[in-house]
Amino acid sequence: MSDQPSDNPGRRGDKRLARKLRDVAESKHMTGETAAPSRRLPPGQHTTVKWPVLDLGEHPNVPQREWKMSIAGLVARPGTLDWDGFRALPQSEFVSDIHCVTAWSRFDNHWAGVSTRDFLDWVSPLPEAKFVILRSFDGYATNLPLEHFAASDALLAHSWEGEPLSREHGGPVRLIVPRLYFWKSAKWLRHVLFTDQDVPGYWEVRGYHSIGDPWKEERYG
Ligand SMILES: Nc1nc2c(c(=O)[nH]1)N[C@H]1C(S)=C(S)[C@@H](COP(=O)(O)O)O[C@H]1N2
Ligand SMILES: [Mo]
């Protein structure tokens, strides 16, 4: 049998096959990195090739060797992670899209770091933990439900496109949660707190959404 669907209108089986092949191809585009932009771009967004820098204006200078991140709250293993400890955790590489609430999206970013799932295996949140609160060296904070932090494509990133994450983009270590607007992806990570109650962060206090799903346009409220 040929794997090319026939357009012959007299052959209903072939038509059904053609439709099925098209449906499969389209559903692949929902998640594949080579999908057509219209299927990858959340509502109200446009794509950019350059990667903009957005933050509160201060770019903390934290050399890798001096970087330390504390982990506290409802976890079995609270404590401090330094650069060597962080690099000793399992390392992952992911490709994902950025969606910023200011309406730009950037496709196909190659990240390396520690997946949040491996991080969670290591810190062991207690069953009561429901939210993760991130605090950064510039005073920024953001909050998200534990299940969103634990998304399969989320990571504590130290590299972008094969290079150490630059200072302006949050190096040495930032969070990347691709399925939420980018304000949840805290740069210059300093502190990770596990709680049973939500604690609104810098933008959430100022009216941004507590979750921020770009596909639902959860920008405000
Ligand atoms: N520490 C820190 N993280 C932050 C911010 C910030 O001001 N400080 N801004 C957030 C916002 S609003 C956006 S859009 C992204 C921008 O990341 P970028 O500058 O790498 O594009 O970082 C997020 N993480
Ligand atoms: Mo943003």
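Both counts, for ligands and for their atoms, begin at 1 and track the order of listing. For reference, positions follow the sequence shown, starting with 1.
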Any chance you could lay out the ring-ring contact (aromatic ring centres under 6.0 Å, His included) test for Trp51 and His169, step after step, and finish with the verdict?
CA-CA 9 Å; Trp51 185 8; His169 284 301; 3.4 Å; yes
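Between Arg179 and Asp213 no salt bridge is recorded (no basic side-chain N to carboxylate O distance below 4.0 Å).
Between His158 and Trp111, the distance from one ring center to the other does not fall under 6.0 angstrom.
A cation-pi arrangement is found for Arg206 relative to Tyr202, the charged atom lying closer than 6.0 Å to the ring centre and inside a 45° cone about the ring normal. Figure legend: cation-pi geometry between Arg219 and Tyr208 absent, as NZ or CZ is not positioned both under 6.0 Å from the six-membered ring centre and within 45° of its axis.
Trp67 and Asp82 share no donor-acceptor pair across their side chains, judged by distance under 3.5 Å alone.
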N/O pairs closer than 3.5 Å, ligand 1 and protein:
unit_1   : atom_1 : unit_2 : atom_2 : d
ligand 1 : 1 (N)  : Ser136 : OG     : 3.2
ligand 1 : 1 (N)  : Asp138 : OD1    : 2.9
ligand 1 : 1 (N)  : Asp138 : OD2    : 3.3
ligand 1 : 1 (N)  : Lys187 : O      : 3.0
ligand 1 : 3 (N)  : Lys187 : N      : 2.8
ligand 1 : 7 (O)  : Leu56  : N      : 3.1
ligand 1 : 8 (N)  : Asp138 : OD2    : 2.7
ligand 1 : 17 (O) : Arg174 : NH2    : 3.3
ligand 1 : 19 (O) : Leu54  : N      : 2.8
ligand 1 : 19 (O) : Leu54  : O      : 3.4
ligand 1 : 19 (O) : Lys187 : NZ     : 2.6
ligand 1 : 20 (O) : His169 : ND1    : 2.7
ligand 1 : 20 (O) : Arg174 : NH1    : 2.7
ligand 1 : 21 (O) : Trp51  : NE1    : 3.0
ligand 1 : 21 (O) : Pro52  : O      : 2.7
ligand 1 : 22 (O) : Arg174 : NH2    : 3.4
ligand 1 : 24 (N) : Ser185 : O      : 3.1

